[in-house]
Amino acid sequence: MSVCFVSAVVSFDALAVNTHATKQTVIEARGLTKIFRDFWGRPRVAAVQDLDLQVDAGEVFGLLGPNGSGKSTTLKMCLGLLYPSRGELRVLGCSPRDVSIKSRIGFLPEESYLYPYLTAEEILDFYGRLSGLAASTRRERIEALLAMTGLAAARHRRIGEFSKGMSRRVGLAQALLNDPDLILLDEPTSGLDPIACRQMKDLILTLARRGKTLVICSHRLPDMQDVCDRVAILHAGRVCAEGPVRELLRRPEAWRITLPAMPEEKLRQIVADLTSVLGAQPLVEPCLQSLEQFFVEIISRQQTAADGAASSAIPSYLRGPGV
């Protein structure tokens, strides 16, 4: 057994389990299968096979897997865009085909399909009208979401002039416009720079604390590790592993002990004492912050509101039931 020491306190706030989560089931799949067929009706691809899945209210659930593993297909079945070949699927207690639950779901696709000749403000107003929001509610929410996503200064620019990262921000804003209970995000950090990526992860954690349920597909594993309570790893349409992130990543043969800052002489004495007890010298290494943390700190010092920085303020209407 090996023991790893660090000489400074490490914060694990980003990995804290959401205390507002309840046991209410938001998504439940049993034996869910989706088979794509050719023109003659012959089975061509089994995208999802006998999938059993449960997502509870208030948690951040991650779907991981290589390309073609069935992640996006599963999301589209939850949205009612694809029909299962067999099995059972309930979303918010109803069939995904039930139109009544659509207003309670927000969706950010992997590629945001936005009208290029509309401005950011106009596209959000358009989606607000489709959601049946009153004019006063639309104005209030659009203002808050533009500030939250750092697009307030670009509100009158056409979408066609936006970078991919800015388009992703507009897509996120439209996904939150209707104050959904369930938020489905397909590659939410795709095309985002490190600052925007960190802000996206902070937003996901804040939404979870406010009682929202989030299901995320992503190839960026460090991002998923930072925000997810539980994950399921898919391969060839089947679940290979599922569980809380910290339990799946736990190495039972090794321990990490966090020590406060101390003189090097005292640290050497502690290591010597442990070596005599364990019969082997433990690994001792300095505590390092991630490159992302360092980058964000440096850029944040230089960045001002004029740079189009996203606001840390989350719209007050984005609050889940009972929170």
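Only a predicted model underlies this, so the values are computations on that prediction, with no experimental measurement involved. Basis for what follows: all heavy atoms, side chains included, without hydrogens, waters or symmetry-related copies.
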Give a yes or no on this: more than 12 heavy atoms of other residues, nucleotides or ligands lie within 6.0 Å of atom NE2 of H235. no
Closest approach of G171 and L114, non-hydrogen atoms and distance? N-CD1, 4.5 Å
Charged N to carboxylate O under 4.0 angstrom, E143 versus R139? no
Between atom CD1 of I27 and atom CG of L89, what is the distance when rounded to the nearest 0.5 Å? 7.5 Å
Do V60 and V55 belong to the same hydrophobic cluster, where Ile, Leu, Val, Met, Phe, Trp and Tyr are linked whenever their side-chain heavy atoms lie under 4.5 Å apart, directly or via other members? no
Contact check, side chains of I270 and M262, non-hydrogen atoms, under 4.5 Å: yes
Are Y115 and L151 connected, step by step, through hydrophobic side chains (Ile, Leu, Val, Met, Phe, Trp, Tyr) whose heavy atoms are closer than 4.5 Å? yes
Take R168 and L192, measure what side-chain contact (heavy atoms from CB on, under 4.5 Å) needs, and give me the verdict at the end. CA-CA 8 Å; R168 296 300 284 167; L192 299 183; 4.0 Å; yes
From the list L177, N178, L184, L182, side-chain contact (heavy atoms from CB on, under 4.5 Å) partner of P180 resolves to N178
For Q174 and Y127, which heavy atoms make the closest approach, and how far apart are they? CB-CD1, 3.9 Å
Let me confirm one number: the CG-CZ distance from L203 to R210, rounded to the nearest 0.5 Å. 9.5 Å
Any carboxylate oxygen within less than 4.0 angstrom of a Lys/Arg side-chain nitrogen, looking at R30 and E28? yes
Carefully, step by step, assess D98 and R90 under the rule salt bridge (Lys or Arg N to Asp or Glu O under 4.0 Å). CA-CA 10 Å; D98 191 334; R90 307 288 289 179; over 6 Å; no
Consider side-chain contact (heavy atoms from CB on, under 4.5 Å). Of L146, I123, L118, which one does V170 pass it with? I123
Tell me whether R157 forms a cation-pi arrangement with F162, defined as NZ or CZ under 6.0 Å from the six-membered ring centre and within 45 degrees of its axis. no
Do L79 and I183 share a hydrophobic cluster, counting only Ile, Leu, Val, Met, Phe, Trp and Tyr and linking them when any side-chain heavy atoms are less than 4.5 Å apart? no
Looking only at heavy atoms, the pair that brings A57 and T213 closest together is CA-OG1, 3.2 Å
Any side-chain to backbone donor/acceptor pair from Q225 onto P222? Under 3.5 Å, distance only. no
Contact check, side chains of E140 and S136, non-hydrogen atoms, under 4.5 Å: no
Is a side-chain donor or acceptor of S95 paired with a backbone partner of R97 at a separation under 3.5 angstrom? yes
Please check if any side-chain donor atom of T189 sits under 3.5 Å from a side-chain acceptor atom of D223, or the reverse. yes
Spatial distance of atom CG (L185) from atom CG (L172) [nearest 0.5 Å]: 7.0 Å
Has the side chain of E187 got a donor or acceptor atom that lies under 3.5 Å from a matching backbone atom of H219? yes
Within 6.0 angstrom of K34 NZ, more than 12 heavy atoms from elsewhere: yes
Trace of the side-chain contact (heavy atoms from CB on, under 4.5 Å) decision for I35 with R86: CA-CA 9 Å; I35 299 174; R86 64 173 180 267; 4.0 Å; yes
L75 with L81, same ILVMFWY side-chain cluster at under 4.5 Å: yes
Scanning both residues in full, the closest heavy-atom pair of V91 with I101 reads O-CD1, 3.6 Å
Is F36 close to L82 at the side-chain level, that is, under 4.5 Å between some pair of heavy atoms? yes
Between K164 and S190, a side-chain donor and acceptor under 3.5 Å: yes
Spatial distance of atom CG (L214) from atom CZ (F61) [nearest 0.5 Å]: 12.5 Å
Gap separating the CZ atom of R138 from the CG atom of L145, nearest 0.5 angstrom: 13.5 Å
Can you name the nearest heavy-atom pair linking M77 to P96, along with the distance? O-CB, 3.3 Å
Flag the pair I216 / P188 as yes when at least one side-chain heavy-atom distance between them is below 4.5 Å, and no otherwise. yes
Look at the side-chain heavy atoms of Ile, Leu, Val, Met, Phe, Trp and Tyr, link any pair under 4.5 Å apart, and say whether V26 and V227 land in one connected group. no
For R158, does the CZ atom have more than 12 heavy-atom neighbours from other residues, nucleotides or ligands under 6.0 Å away? no
Are R198 and D226 packed together at the side-chain level, in the sense that at least one heavy-atom pair is separated by less than 4.5 angstrom? yes
Looking only at atom types and distance, does a side-chain atom of T74 sit under 3.5 Å from a main-chain N or O of G70, one as donor and one as acceptor? yes
Main-chain N/O of T149 paired with R169 side-chain donor or acceptor, under 3.5 Å: yes
When every non-hydrogen atom of D186 is compared with those of S72, the smallest separation belongs to OD2-OG, 3.0 Å
Spatial distance of atom CG (D52) from atom CZ (R238) [nearest 0.5 Å]: 10.5 Å
Salt-bridged, D125 to R141, with N to O below 4.0 Å? no
Could you walk me through whether L234 and L63 pass the side-chain contact (heavy atoms from CB on, under 4.5 Å) check? CA-CA 7 Å; L234 305 182; L63 285 175; 4.3 Å; yes
Using the rule given for side-chain contact (heavy atoms from CB on, under 4.5 Å), can you reason through V45 versus R37, listing the C-alpha separation, both sets of side-chain angles and the distance that settles it, and then say yes or no? CA-CA 7 Å; V45 177; R37 301 178 181 273; over 6 Å; no
Looking at E265, I'd like to know if its CD atom is crowded, meaning that more than 12 non-hydrogen atoms belonging to other residues, nucleotides or ligands lie closer than 6.0 Å. no
